[in-house]
Amino acid sequence: LIGFIVNAILTTFKIIAGIIGRSGAMVADGVHSLSDFMTDIVVLIGIRYTSQPEDEDHNYGHYKYETIATAIISLFLFVVGFEIIKGGIENIIAYSKGIAIASPGIIAFIAAAASIIVKEWMYQYTMIYSRKFKSAVVKANAWHHRSDAFSSIGTLLGIGGAIFLGGKWAILDPIAAVIVSLFIFKVAFEILKPAIAELTEKAIPKEETKKIISIINNYEGCLGYHHLRTRTLGKRSVVEAHIFVDKQMSVDDSHTIATNLEKRIKAELGENMVITIHIEPYDEKRAKKNGIISEDDNTEKDIK
């Protein structure tokens, strides 16, 4: 909400400064801030839905609303980056054809400097809360703030060079706009990549899978496992596994093993996990058929 208010003020100031100061780079930078303003709305909506409890239609909760919101933010960045680079290239082409480019005014330079300070502060502030709440969408929004600060650095250099060097150096303004867009594309890709991975049901990191395998293999009463599957669900991890127990064991005892095994995994890897353990009776033929893995087997092979 704080980012929303700050972006509203900063966007208005930068666009007005760009128009008054005759700076294409500053107008583009203002549009970038406008995208921040729009994605703040997406974040607020995404968090509102993510915080809703599980219901009949969403048995695992609403965590993927956050993932979708994160993907939307990255798409906004791609669109804004494209618009900035398009405008910059058009001005560079025009300059190469002998068309004069007006030097920007000092107000555009002031706006760029103010934007760098404000947006870097917003990045640091937002990252604190993304770590506190372990929220991917808030982290994505923090990087959006920093991408705006990056774009303002390029804008500041381009506008400053065009103002203080004058004349033919006015070309620095559109060049700065093109350079800025490359930073924006990079950040957009870094934000989109994990969101796509989650939406396509990518497994949790291999390091965490190895820990789970080690816990299962070393847990008393568990004679092996198979069909270990994992995936991410927002900031939660989902783990499913079939474990083998002595076929003479009572239902109550095997249930206790499964319950305590779940607790052990959560104690090692975090409470915010969804774990399902399926019990199967152990016998040698069944174990070989289903590819049971013992303590001495290569866990890396099993992960692959």
Requested in this report: Go through K186 and E190 one step at a time and tell me if the salt bridge (Lys or Arg N to Asp or Glu O under 4.0 Å) criterion holds.
Outcome: CA-CA 6 Å; K186 180 177 181 294; E190 290 174 348; 2.6 Å; yes

Quick check: does any side chain N or O of [X] sit under 3.5 Å from a backbone N or O of [Y], one acting as donor and the other as acceptor?
{"X": "S74", "Y": "A71", "result": "yes"}
{"X": "S214", "Y": "K211", "result": "no"}
{"X": "T11", "Y": "A8", "result": "no"}
{"X": "S130", "Y": "M127", "result": "yes"}
{"X": "T200", "Y": "I196", "result": "yes"}
{"X": "S152", "Y": "T155", "result": "no"}
{"X": "S23", "Y": "I19", "result": "no"}

Supply the atom-to-atom distance [X] [atom1] to [Y] [atom2], rounded to the nearest 0.5 angstrom.
{"X": "M26", "Y": "D173", "atom1": "CE", "atom2": "CG", "value": "9.0 Å"}
{"X": "L75", "Y": "L192", "atom1": "CG", "atom2": "CG", "value": "6.0 Å"}
{"X": "N217", "Y": "I212", "atom1": "CG", "atom2": "CD1", "value": "12.0 Å"}
{"X": "H255", "Y": "I279", "atom1": "NE2", "atom2": "CD1", "value": "9.5 Å"}
{"X": "E120", "Y": "I153", "atom1": "CD", "atom2": "CD1", "value": "7.5 Å"}
{"X": "K266", "Y": "I215", "atom1": "NZ", "atom2": "CD1", "value": "13.0 Å"}

Report task. Check the pair M273 / V238 against side-chain contact (heavy atoms from CB on, under 4.5 Å), numbers first and verdict last. Result -> CA-CA 6 Å; M273 300 182 75; V238 178; over 6 Å; no

Would you name the heavy atoms of [X] and [Y] that are closest together and state the gap between them?
{"X": "V245", "Y": "S254", "value": "CG2-CB, 4.1 Å"}
{"X": "C222", "Y": "I243", "value": "SG-CB, 3.8 Å"}
{"X": "I107", "Y": "A17", "value": "CG2-O, 3.7 Å"}
{"X": "Y225", "Y": "I216", "value": "CB-CG2, 3.8 Å"}
{"X": "I277", "Y": "A258", "value": "CG2-CB, 3.8 Å"}
{"X": "L172", "Y": "G161", "value": "CD1-CA, 3.6 Å"}

Considering only heavy atoms from C-beta outward, does the side chain of [X] approach that of [Y] to under 4.5 Å?
{"X": "I257", "Y": "M249", "value": "yes"}
{"X": "Y125", "Y": "I2", "value": "yes"}
{"X": "P104", "Y": "I163", "value": "yes"}

Requested in this report: Please step through side-chain contact (heavy atoms from CB on, under 4.5 Å) for the pair W143 and I191, ending with a clear verdict.
Outcome: CA-CA 8 Å; W143 272 105; I191 292 173; 4.1 Å; yes

Report task. Apply side-chain contact (heavy atoms from CB on, under 4.5 Å) to R231 and E198, showing your working. Result -> CA-CA 8 Å; R231 60 190 173 94; E198 183 180 334; over 6 Å; no

Cluster question for you: counting only ILVMFWY and a side-chain heavy-atom cut-off of under 4.5 Å, with indirect links fine, are [X] and [Y] together?
{"X": "W169", "Y": "I106", "value": "no"}
{"X": "I275", "Y": "L269", "value": "yes"}
{"X": "L156", "Y": "I16", "value": "no"}
{"X": "I15", "Y": "L10", "value": "no"}
{"X": "V6", "Y": "F4", "value": "no"}

Query raised in the report: Yes or no on side chain to side chain donor-acceptor pair (under 3.5 Å) for K202 and T232, after CA distance, side-chain angles and deciding distance?
Result: CA-CA 7 Å; K202 183 178 179 181; T232 53; over 6 Å; no

Report task. Taking the six-membered ring for Trp and the full ring for Phe, Tyr or His, determine whether the centres of F78 and F82 are under 6.0 Å apart. Result ->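 Here the rings of F82 and F78 have centres that are no less than 6.0 Å from each other.
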
Query raised in the report: In terms of side-chain heavy atoms, does S250 have a donor or acceptor partner in D253 at a distance below 3.5 Å?
Result: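 Judged by distance alone, the side chains do pair up.
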
Requested in this report: Indicate whether the side chain of E280 and that of H226 have a donor and an acceptor atom separated by less than 3.5 Å.
Outcome: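 Per modelled atom types, E280 and H226 side chains form a pair under 3.5 Å.
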
Query raised in the report: Hey, mind stepping through R264 and Y219 against side-chain contact (heavy atoms from CB on, under 4.5 Å) and telling me if it holds?
Result: CA-CA 9 Å; R264 176 69 64 82; Y219 197 81; 4.0 Å; yes

Query raised in the report: So with a 6.0 Å cut-off around CZ of R22, is the heavy-atom count from everything else above 12?
Result: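 Yes, enclosed.
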
Query raised in the report: Yes or no on ring pair (Phe, Tyr, Trp, His ring centres under 6.0 Å) for F185 and F189, after CA distance, side-chain angles and deciding distance?
Result: CA-CA 6 Å; F185 283 135; F189 176 75; over 10 Å; no

Report task. Look at the aromatic rings of Y282 and F244 and report parallel, tilted or perpendicular, splitting at 30° and 60°. Result ->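 Taking F244 first and then Y282, their aromatic rings stand perpendicular (interplane angle over 60°).
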
